Amino acid sequence: MAERGDLHSISIADHGAIGNLETIALVDTAGTIDYLCWPCLDSASVFARLLDGDASGSGGGHFSVGPDLPDANIVQMYLPETNILLTRWMANAASVDLVDLMPVGDDKNDAPSRLVRRVTCTRGSATVRVRCAPLFDYGAMGRSASVTTTDDDVSRGRFDHESGLALAVHGGATLVADGCDLTAEIRLNEGDTVSLILSNPDDVSLDTEALDAIVEKDIAYWRAWSRKSRYRGRWRETVERSAMALKLLTSRKHGSIAAAATFGLPEAPGGVRNWDYRATWIRDSSFTVYALLRLGYQGEAVGFLHWAMDRAQACSKGNLGVMYALDGGEIADERKLDLAGFEGATPIVVGNEAKDQTQHDIYGALLDATYLGSKYGEPIAHDSWVAIGRIVDQVCETWSTPDSGIWEVRGPKKHYLHSRLMSWVAIDRAVRLAQKRSLPAPLVRWSETRTAIHDDIWANFWNDDLGRFVRAMGDAPEDLAVDGALLMMPLVRFIGATDPKWLATLEAIGEDLSDDGQVYRYRIDDGLPGQEGTFVACSFWYVECLARAGRLDEARLNFEKLLAHGNHLGLFAEEIAQDGSFLGNFPQGFSHLALISAAFYLDRALDSDGPKEWA
């Protein structure tokens, strides 16, 4: 295992995620929390060492806990059916366990935000070294550290910052102020346990009995949630871990769903593709609803739809934003940070200027989720249906105009097939919903527009000369290429999964975009430097399309290969590099929802020995 000073040896995949449905921390396999935004997922970071290559240890901030066992083997796992992380050091002299969690509590206002780190010597004796070195405001603000000891000999450390923000560390260890850091050196014998808690300064100190109760309550919470899953097929543990990752990205307070836990992790090694994903994309979250509903998590799905409909009702003309802050507010403009970047990939930016783009596909994703939510969750409310009417009317007016597309190309707008496809989905699902629920709607006008989009796709995006669909309208090579987003065509039931023209397109995607079953979003010049990795969601979409086309052996082999590329905990980032390492933000919701969808279909297809058009 690499030394913590050598950040270049620590990969994105070397992390587990813990969270309290307000924020998420990443814990690496050496026991260091090197990523955490506090107190909310979209707040400024307090630990961001993962995004700073300063080998001296000062860049970004971190919180390390680990025994002095240099020859130990280290394993990391989740406690079964929970998002509580266990890191184990095993050496001849001793073995040490570290349990990391962020207690959720019972409801939105049940418990203060806490990060709990419990270290236990399970055999022999060992010295455990602790260093807590937060840096507020993305590493930009100064800090001071101080230590006090209470009457009951509980040591409390406090960090105060120029901004007025503060954090406290308290527990059974004797803390020492080391410059601007807090450190501790703890000697543990077999059976000894010491806990450290990171929280706000007004949080009370907890004795062992109180802390035991909090940990047990958190274990019970996650296990009760996990056992709501109705999935009983193959790859059950993998599917349920993906569901647990999606749950971590869900805001209990607001009902929104973040695209990923992080900002700034590069989509191309050493490049400029370093975006902030700590926001709710209407598209990504709507697809997540599909995965959650399939597994039986109606509460989270309905919660997001309520959140989305609140945004829709606020739009007088039905023109939703591409993305929103987790509380439903506007996304900030991009600003550059003074961080060195993961393995030197800069600039690091927070905020996201893609918020100002036009992306027609978001409406199809939202209406598909709304249709499924009404079918499997709860009937749609009157005000929500009025808002949907405005959205569909907007789609009827704008579907034939160019946009920036699903991949948010930062260049001239184009007529993309995927955008047309999802505009068709938006109107199709609205028509179906109106008919199923006997809701008032201009069905003739909507149906005519749906037909017009259908005909337009066949007239302008099917290429007779190439014998397949193309990604965009035009004669340029990049327009005539295939695109990973085309894999959605049979998944949203625009075209039959065994239609010869679709099979020709699927074959082209396999030839042009697949690298041994891992699928790139596209292979064109998008105006940005650097080579992206394969896109995990597209790779799982490809598996599902193969299964729906009846190529079950190939689909299963590809699926198993993809699962082998997950990290040691079954988590995925956005992309996979050619050498198999992770690229992009982590953990990525889009990746895990696509995994769930592929597993769900493939499992049922294998049981029935052939493809079926299940709802």
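Everything numeric in this text was worked out from a predicted model, so none of it was measured. Counting from 1, the numbers follow the sequence of the chain as shown.
At a threshold of 4.0 Å, the pair Asp512-Arg523 does not count as salt-bridged, since none of the basic side-chain nitrogens sits closer than that to a carboxylate oxygen. For the pair Asp42 and Arg278, the salt-bridge criterion is not met [side-chain N within less than 4.0 Å of a carboxylate O]. Taking 4.0 Å as the cut-off between side-chain N and carboxylate O, Lys414 and Asp403 do not count as a salt-bridged pair.
The aromatic ring centroids of Phe263 and Tyr138 lie less than 6.0 Å from each other.
Taken to the nearest 0.5 Å, the CG atom of Asn558 stands 12.0 Å off from the SG atom of Cys545.
Nearest approach of Ser45 to Gly139, heavy atoms of both residues: OG-N, 4.4 Å.
Just one residue in the list Trp235, Phe287, Phe535, Phe572 forms a ring-ring contact (aromatic ring centres under 6.0 Å, His included) with Phe540, and that residue is Phe572.
His592 and Ser242 share a donor-acceptor pair across their side chains, judged by distance under 3.5 Å alone. Under 3.5 Å, the side chains of Ser597 and Glu544 contain a donor-acceptor pair of N or O atoms. Between Asp34 and His15, the side chains place a donor N or O and an acceptor N or O closer than 3.5 Å (distance only, hydrogens not considered). Between His565 and Gln518, the side chains place a donor N or O and an acceptor N or O closer than 3.5 Å (distance only, hydrogens not considered). Glu408 and Trp281 form a side-chain donor-acceptor contact under 3.5 Å, judged by distance and modelled atom types alone.
The cationic atom of Arg117 (NZ for Lys, CZ for Arg) lies less than 6.0 Å from the six-membered ring centre of Phe63 and within 45° of the ring axis. Under the 6.0 Å distance and 45° angle rule, Arg548 counts as a cation-pi partner of Tyr601. A cation-pi arrangement, defined by a distance under 6.0 Å to the six-membered ring centre and an angle within 45 degrees of its axis, is present between Arg241 and Tyr78.
Scored by the side-chain hydrogen bond (donor to acceptor under 3.5 Å, both in side chains) test, Arg521 finds Glu532 as partners (sequence neighbours excluded).
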Could you pull out all donor-acceptor pairs under 3.5 Å where a side-chain atom in residues 332-339 meets a protein atom, sequence neighbours excluded?
{"from": "Asp333", "atom 1": "OD1", "to": "Lys355", "atom 2": "NZ", "distance (Å)": "3.0"}
{"from": "Glu334", "atom 1": "OE2", "to": "Glu353", "atom 2": "N", "distance (Å)": "3.0"}
{"from": "Glu334", "atom 1": "OE2", "to": "Arg410", "atom 2": "NH1", "distance (Å)": "3.0"}
{"from": "Glu334", "atom 1": "OE2", "to": "Arg410", "atom 2": "NH2", "distance (Å)": "3.0"}

